[in-house]
Trainee: 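Handing you this structure, nothing more for now.
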Number of protein chains: 2
Amino acid sequence: MLTIGQLSRRTGVKVPTIRWYEQAGLIDEPGRTEGNQRRYGNADLERLAFIRHARDLGLGVEAIRELIELGAHPERPCADADHIARTHLKNVRERIARLRKLEKELARIAACHGETIGECHVLSALADHDQCTSEH
Amino acid sequence: MLTIGQLSRRTGVKVPTIRWYEQAGLIDEPGRTEGNQRRYGNADLERLAFIRHARDLGLGVEAIRELIELGAHPERPCADADHIARTHLKNVRERIARLRKLEKELARIAACHGETIGECHVLSALADHDQCTSEH
DNA sequence: TCTTGAAGCTCTAGTCGCTAGAGGAATTAG
DNA sequence: CTAATTCCTCTAGCGACTAGAGCTTCAAGA
């Protein structure tokens with residue numbers, strides 16, 4: 001049996017975050033001691049490691065909730081879980097594409113040759129979208 | 001003189017967001033009609049366009065506040081504004097690097113060949129960090 | 001001049017995924 | 001038995017808006 005602090009250390013999820021996951025319904029309410037403290041078992045450890053990993057991969061809480069729900073029904077088609085992962089992959093790729101454009105624009109902007117703000121290229125570039133080389 | 005709705009249409013910033021910017025101190029409190037409605041001038045239009053553009057480029061409100069503050073003091077060294085832009089560029093590059101790793105990992109995970117959840121690769125990959133090919 | 005409907009106003013609360021702090025109770029090592 | 005540490009609940013805050021309730025003002029047409 002693990003205390004919440006031990007669970008925290010083993011999974012790398014902070015204590016208040018574990019309690020937050022509980023109240024968000026991502027992990028089951030654990031048993032308690034006589035003194036009302038939470039005690040966790042191995043199933044909780046695994047569940048939390050799963051959540052942690054999925055969060056690290058950038059999945060939202062809602063997506064994780066669905067995956068947990070799916071995991072509880074092994075007879076459902078695999079395509080459902082696959083779909084969630086793929087949707088997320090698509091999101092990530094879109095975010096990368098957007099950030100690449102920003103990177104270009106910023107790299108162009110962040111190279112001022114003036115001396116004082118009055119002649120600063122950065123501010124005028126930010127003021128005037130027309131100076132941009134692509135849409136964003 | 002523009003109403004808040006006209007200003008919104010011209011800049012692409014939603015009406016409640018304009019009001020929020022005002023209360024966050026990013027734009028000055030505009031004049032009002034007798035009936036207490038906001039009326040904006042060209043300076044407001046330009047300021048808002050500046051904010052919109054900087055937000056589109058992903059700059060945070062705090063950074064924008066600093067840039068506005070800088071813009072009000074044309075004698076200050078240009079390096080200050082340049083620094084803000086460069087710092088942000090660094091952030092963007094780090095985010096891109098992180099997302100690239102996620103993309104790889106997700107692409108590997110999101111390719112299940114099972115039929116039902118029971119044999120689904122996606123869920124087990126998410127449960128087990130050791131299956132990952134790199135840190136994240 | 002009157003009416004109508006769009007657009008304006010303020011205020012509060014909600015979003016997401018936590019994080020921080022207050023104030024107190026339980027546990028554990030020495 | 002004491003002292004240090006960990007635990008408990010509860011509330012509030014972050015960033016950058018967004019949504020809604022309930023009301024007032026404005027502008028155009030009849």
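Everything numeric here is computed off the predicted structure, so don't read it as measured data. Each chain gets a letter, A, B and so on, in the order its sequence line appears, and its residues count up from 1.
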Trainee: Calculate, to the nearest 0.5 Å, the distance between atoms CG and CD belonging to Asp44(B) and Glu22(B) respectively.
Mentor: 9.5 Å
Trainee: Whole angstrom is fine here: how far is it from CG in Leu59(A) over to P in dC16(C)?
Mentor: 15 Å
Trainee: Is a side-chain N or O of Arg108(B) found less than 3.5 angstrom from the main chain of Gln131(B), in a donor-acceptor match?
Mentor: yes
Trainee: Want to settle it: does Ile4(A) or Pro16(B) sit nearer the 5' end of DNA chain D, counting the closest nucleotide to each?
Mentor: Ile4(A)
Trainee: Could you state the atom-to-atom distance from CZ of Arg9(B) to C1' of dA6(C) in whole Å?
Mentor: 10 Å
Trainee: Which whole-number value in Å describes the distance from Gln23(B) CD to dC9(C) P?
Mentor: 14 Å
Trainee: From C-beta outward on Trp20(B), which listed nucleotide comes closest to its side chain: dC17(D), dT18(D), dC18(C)?
Mentor: dC17(D)
Trainee: Please state whether the phosphate of dT6(D), meaning OP1 or OP2, lies under 4.0 angstrom from any side-chain nitrogen or oxygen of Thr3(A).
Mentor: no
Trainee: Hey, does the side chain of Thr33(A) come within less than 4.0 Å of dT27(C)'s phosphate (OP1/OP2), counting only N and O?
Mentor: yes
Trainee: Using whole Å, report how far CD of Glu34(A) lies from C1' of dA26(C).
Mentor: 11 Å
Trainee: Find the distance Arg52(B):CZ to dC17(D):P and express it as a whole number of Å.
Mentor: 10 Å
Trainee: According to a strict under-4.0 Å criterion, is Arg38(B) in side-chain N/O contact with OP1 or OP2 of dG8(C)?
Mentor: no
Trainee: State, yes or no, whether a side-chain contact exists between Thr33(B) and Arg39(B) at a heavy-atom distance under 4.5 Å.
Mentor: yes
Trainee: Expressed as a whole number of angstroms, how long is the span from Glu22(A):CD to dG17(C):P?
Mentor: 18 Å
Trainee: Taking for each residue the nucleotide of DNA chain C bearing the nearest heavy atom, is the 5' side occupied by Arg39(A) or by Asn36(B)?
Mentor: Asn36(B)
Trainee: So what does Arg32(B) hit on the nucleic acid, given a heavy-atom distance under 4.0 Å: a base, only sugar-phosphate, or nothing?
Mentor: sugar-phosphate
Trainee: Taking atom P of dG8(C) as reference, at what distance in whole Å does atom NZ of Lys14(B) sit?
Mentor: 15 Å
Trainee: Under 4.0 Å from OP1 or OP2 of dC18(C): is there any side-chain N or O of Tyr21(A) that close?
Mentor: yes
Trainee: Find out whether Cys78(B) and Thr116(A) are in side-chain contact, i.e. whether some heavy atom of one side chain is under 4.5 Å from a heavy atom of the other.
Mentor: no
Trainee: Looking at dT9(D), dA16(D), dT28(C), which one has an atom nearest to any side-chain atom of Val61(B)?
Mentor: dA16(D)
Trainee: Using OP1 and OP2 only, check whether a side-chain N or O of Thr17(A) sits under 4.0 Å from dG17(C).
Mentor: no
Trainee: Using a cut-off of 6.0 Å, state whether more than 12 heavy atoms not belonging to Gln6(A) lie near its atom CD.
Mentor: yes
Trainee: Using whole Å, what does the distance between atom P of nucleotide dT10(C) and atom CD of Gln37(B) come to?
Mentor: 10 Å
Trainee: Please confirm whether the shortest side-chain N or O distance from Arg55(A) to OP1 or OP2 of dC18(C) is below 4.0 Å.
Mentor: yes
